[in-house]
**Student:** 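Okay, handing you the structure first.
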There are 2 protein chains.
Amino acid sequence: MAAFPADDLESLKGHVRALRPVRRGDTFYRAGEAASRLLIVHAGSARISLSRQGGREMICDYYLPGDTLGLEALHTGTHTATCVALETTQVCELSRNSLMRLAGRHPDLRERICLQMNRALVRSQHHQLDIATKSSEQRLAGFLIDVSMRLGERGYSTHSYRLPLTRLEIANHLGMRTETLSRLLADFRRRGLITLAGREIDLLQREGLSRLAGD
Amino acid sequence: MAAFPADDLESLKGHVRALRPVRRGDTFYRAGEAASRLLIVHAGSARISLSRQGGREMICDYYLPGDTLGLEALHTGTHTATCVALETTQVCELSRNSLMRLAGRHPDLRERICLQMNRALVRSQHHQLDIATKSSEQRLAGFLIDVSMRLGERGYSTHSYRLPLTRLEIANHLGMRTETLSRLLADFRRRGLITLAGREIDLLQREGLSRLAGD
DNA sequence: CGGCAATTTGACCGGTCTCAAAGTGTGTGG
DNA sequence: CCACACACTTTGAGACCGGTCAAATTGCCG
């Protein structure tokens, strides 16, 4: 999911409104609610999740600064997922009405929106592939690399970072149990692939992890 | 994935070109190829799949008459998935150029395209959820219901139909092995939930299957 | 009708899950 | 600033689902 281009935000000036920061766990929107706006992450991070009756829930994806929240609901008008802040997070809002009005005048704006939706679709399909065909170990290695790359795109270190999700959230996102995740992390550490202290992680052997991830 | 509305096709007259039917196994496009057009299924069915080096591949979704093929590539210009006919299938093509040109003049056309992409995204996320949180049995029950509903939307019987995919393809789509699928189908039959002869299937207890599917 | 692909069935194995319990952080209120 | 409570994380033991390998059976197309 590429960042929302800065020049684009520029052209939206006057239509985008910065909201006050929210804290970890606060909800941006819930599945079933009417969707009235698009949110753009300014600082912090967020996750979207789906849930089934019965309590089972899954974190479909996570979002970093520059990413757009609420795309799933853009054209239906109703949210199909729930979006929650992962840490203290600030977003800007763009109302659906302004967006619709602007879309007519700015072909490149709607290009960008569609492009982001496109990327979300491709990401989702690849995650499907991973969950269905890879082992837990491969998925975890892939995840560590994925986070690293996305942080890298935003100018942060790709080698050493703070995990944006808790163990519970990571396990859930990868379709495994926290116990399994914990064991795998311990294993990676034992093999010298990473160092780990709480949420702080160092990728000691990117190559090794990439190879493990299996593509 | 809703069907492409008939009145919309009407308005596209002169821009949409019917292609000659292709047979089962023929490829509409491959991952990596340049994307120059959108395809709309007229008769028959198709599937899209992703693959990793190493041969592992996954069928992400399947498409029935009225569905649109190639959405994943609409804005990047390069296909990220491979699309293959499931049976003798006829599609209509709409070139990307015409589409871009038309999009300016027809706000509702781009609404529709985005809406379809939206639906594809939501479907993909839900499939993620299913693969990650449901048992093989639940996924299979859910799949049988899903096919039934999609056929129903198109005016076919929801009770009795011909499976659009082979066992291998179904298993792959659901993230399990053909052996597992075969055993589960045998089980469903033994329990009186379905009858099955080759690809012809009857859902004897929709309710039971729905309950099994778990939501 | 022959041959090959698709499907089914069986036996066994292994990766993950489940249940349980012990550690480790972390935030809040006193 | 400390201490307590509670959430998060780790570790262990055992069970089970689904995968793997192998072989028999069925079905389909030339």
Side-chain angles (χ1 to χ4, degrees), chain A residues 23-26 47 54-59 84-88 130-144 162-191 194-201 212 214, chain B residues 23-26 47 54-59 84 86-88 130-143 162-191 194-201 212 214:
Chain A
R23 55 173 56 192
R24 170 174 170 80
D26 283 358
R47 44 161 255 222
R56 282 290 203 192
E57 111 172 305
M58 162 165 226
I59 296 175
V84 173
L86 288 169
E87 59 189 309
T88 300
D130 287 351
I131 296 177
T133 66
K134 290 184 174 181
S135 69
S136 291
E137 186 178 83
Q138 290 178 305
R139 275 175 278 153
L140 175 56
F143 172 76
L144 296 179
R162 159 170 266 257
L163 287 166
L165 306 167
T166 65
R167 302 285 195 273
L168 183 64
E169 289 162 341
I170 296 171
N172 181 301
H173 177 55
L174 297 178
M176 64 183 80
R177 298 284 146 190
T178 63
E179 295 94 328
T180 305
L181 174 65
S182 187
R183 282 184 244 273
L184 288 172
L185 284 172
D187 216 50
F188 282 4
R189 194 161 32 183
R190 230 172 282 128
R191 294 199 251 165
I194 61 174
T195 58
L196 187 63
R199 286 190 168 202
E200 299 299 332
I201 189 167
L212 254 189
Chain B
R23 56 172 56 190
R24 168 173 172 79
D26 284 356
R47 42 162 256 223
R56 281 292 202 190
E57 111 172 303
M58 164 166 222
I59 295 175
V84 173
L86 288 169
E87 59 190 309
T88 300
D130 288 351
I131 296 176
T133 66
K134 290 184 174 181
S135 68
S136 292
E137 186 179 84
Q138 290 178 307
R139 276 176 276 152
L140 176 56
F143 172 77
R162 158 170 267 257
L163 289 166
L165 305 168
T166 65
R167 301 286 195 275
L168 183 64
E169 289 162 340
I170 296 172
N172 180 302
H173 177 56
L174 298 178
M176 65 183 80
R177 299 283 145 189
T178 63
E179 294 94 327
T180 304
L181 174 65
S182 187
R183 281 184 245 273
L184 288 172
L185 285 172
D187 217 50
F188 283 4
R189 195 161 32 181
R190 231 171 283 128
R191 294 199 253 165
I194 62 172
T195 57
L196 187 62
R199 287 190 166 203
E200 299 299 332
I201 188 168
L212 254 190

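FYI, side chains are in, hydrogens and waters are out, and symmetry mates aren't considered; it's all heavy atoms of this structure. We name chains A, B, ... by the order of the sequence lines, and we start the count at 1 in each one.
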**Student:** Give the residues of residues 132-142 of chain A touching DNA chain D, defined as any heavy atom closer than 4.0 Å, sorted by residue number.
**Tutor:**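 Of all residues in residues 132-142 of chain A, none places a heavy atom under 4.0 Å from DNA chain D.
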**Student:** With side chains defined as the heavy atoms from C-beta onward, is the minimum distance between Thr166(B) and Arg199(B) less than 4.5 Å?
**Tutor:**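 In contact.
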**Student:** Roughly how many Å is it from CZ in Arg24(A) to C1' in dC8(D), rounded to a whole number?
**Tutor:**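 For the pair Arg24(A) CZ and dC8(D) C1', the rounded distance is 10 Å.
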**Student:** Any chance you could measure Leu144(A), atom CG, to Leu163(A), atom CG, to the nearest 0.5 Å?
**Tutor:**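 Those atoms lie 7.0 Å apart.
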**Student:** Return the polar atom pairs (N/O with N/O) between nucleotides 23-27 of chain C and the protein under 3.5 Å, or none.
**Tutor:**
none

**Student:** Which residue pairs pass the salt bridge (Lys or Arg N to Asp or Glu O under 4.0 Å) test with at least one member in residues 173-183 of chain A, sequence neighbours excluded?
**Tutor:**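 As it turns out, there is no salt bridge (Lys or Arg N to Asp or Glu O under 4.0 Å) pair with a partner in residues 173-183 of chain A once direct neighbours are skipped.
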**Student:** Closest approach of Met58(B) and Ile131(B), non-hydrogen atoms and distance?
**Tutor:**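 That closest heavy-atom pairing would be CE-CD1, 3.5 Å.
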**Student:** Would you classify Gly175(A) as touching base, sugar-phosphate or nothing, given that sugar-phosphate means primed atoms plus P, OP1 and OP2, and contacts are heavy atoms under 4.0 Å?
**Tutor:**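 Gly175(A): backbone/sugar contact only, no base atoms under 4.0 Å.
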**Student:** Taking only residues two or more places apart in sequence, or in another chain, which ones meet Arg47(A) in a side-chain hydrogen bond (donor to acceptor under 3.5 Å, both in side chains)?
**Tutor:**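 Only Glu169(A) meet the side-chain hydrogen bond (donor to acceptor under 3.5 Å, both in side chains) criterion with Arg47(A).
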**Student:** Just to be sure I understand the geometry, which residues of residues 179-186 of chain B put a non-hydrogen atom under 4.0 Å away from DNA chain C?
**Tutor:**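 DNA chain C contact set from residues 179-186 of chain B: Glu179(B), Ser182(B), Arg183(B), Ala186(B).
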**Student:** Kindly give the heavy-atom pair with the smallest separation between Leu185(B) and Arg167(B), and that separation in Å.
**Tutor:**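 Nearest heavy atoms, Leu185(B) then Arg167(B): CD1-NE, 3.6 Å.
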**Student:** Do any of residues 163-170 of chain B sit with a heavy atom less than 4.0 Å from DNA chain D, and if so which?
**Tutor:**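 The answer is none.
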**Student:** Starting at CD1 of Ile59(A), measure out to CG of Leu165(A) and round the result to the nearest 0.5 Å.
**Tutor:**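 One gets 6.0 Å once the value is rounded to the nearest 0.5 Å.
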**Student:** I'd like to check the side chain to side chain contact (heavy atoms under 4.5 Å, CB included) partners of Ser136(A); sequence neighbours left out, ordered by chain and number.
**Tutor:**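 Ser136(A) satisfies side chain to side chain contact (heavy atoms under 4.5 Å, CB included) with Arg139(A), Met176(A), Thr180(A), Leu184(A) once adjacent residues are dropped.
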**Student:** Measure the CG-NZ distance between Leu174(B) and Lys134(B) for me, rounded to the nearest 0.5 Å.
**Tutor:**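 Between atom CG of Leu174(B) and atom NZ of Lys134(B) there are 10.5 Å.
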**Student:** List in chain and number order the residues that pass side-chain hydrogen bond (donor to acceptor under 3.5 Å, both in side chains) with Arg162(B), two or more places apart in sequence or in another chain; answer none if no residue qualifies.
**Tutor:**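 Arg162(B) satisfies side-chain hydrogen bond (donor to acceptor under 3.5 Å, both in side chains) with Glu200(B) once adjacent residues are dropped.
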**Student:** Just jot down the side chain to side chain contact (heavy atoms under 4.5 Å, CB included) partners of Arg191(B), sequence neighbours excluded, or say none.
**Tutor:**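 Arg191(B) satisfies side chain to side chain contact (heavy atoms under 4.5 Å, CB included) with Glu137(B), Asp187(B), Phe188(B), Leu193(B), Leu212(B) only.
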**Student:** In chain order, what residues pass the side-chain hydrogen bond (donor to acceptor under 3.5 Å, both in side chains) check against Arg23(B), with sequence neighbours excluded?
**Tutor:**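 For Arg23(B), no residue satisfies side-chain hydrogen bond (donor to acceptor under 3.5 Å, both in side chains) once neighbours in sequence are set aside.
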**Student:** Between the axis at one end of the helix from dC1(C)-dG30(D) to dG30(C)-dC1(D) and the axis at the other (five pairs apiece), what's the angle to 10 degrees?
**Tutor:**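 That helix has its two terminal axes inclined by roughly 60°.
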**Student:** So if I take every side-chain heavy atom of Leu196(A) and compare against dC17(C), dT10(D), dT20(D), which nucleotide ends up nearest?
**Tutor:**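 When the side chain of Leu196(A) is considered, dT10(D) is the closest of dC17(C), dT10(D), dT20(D).
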**Student:** Roughly how far, to the nearest 0.5 Å, is the CZ atom of Arg24(B) from the CG atom of Leu86(B)?
**Tutor:**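 Reported to 0.5 Å precision, the distance equals 6.5 Å.
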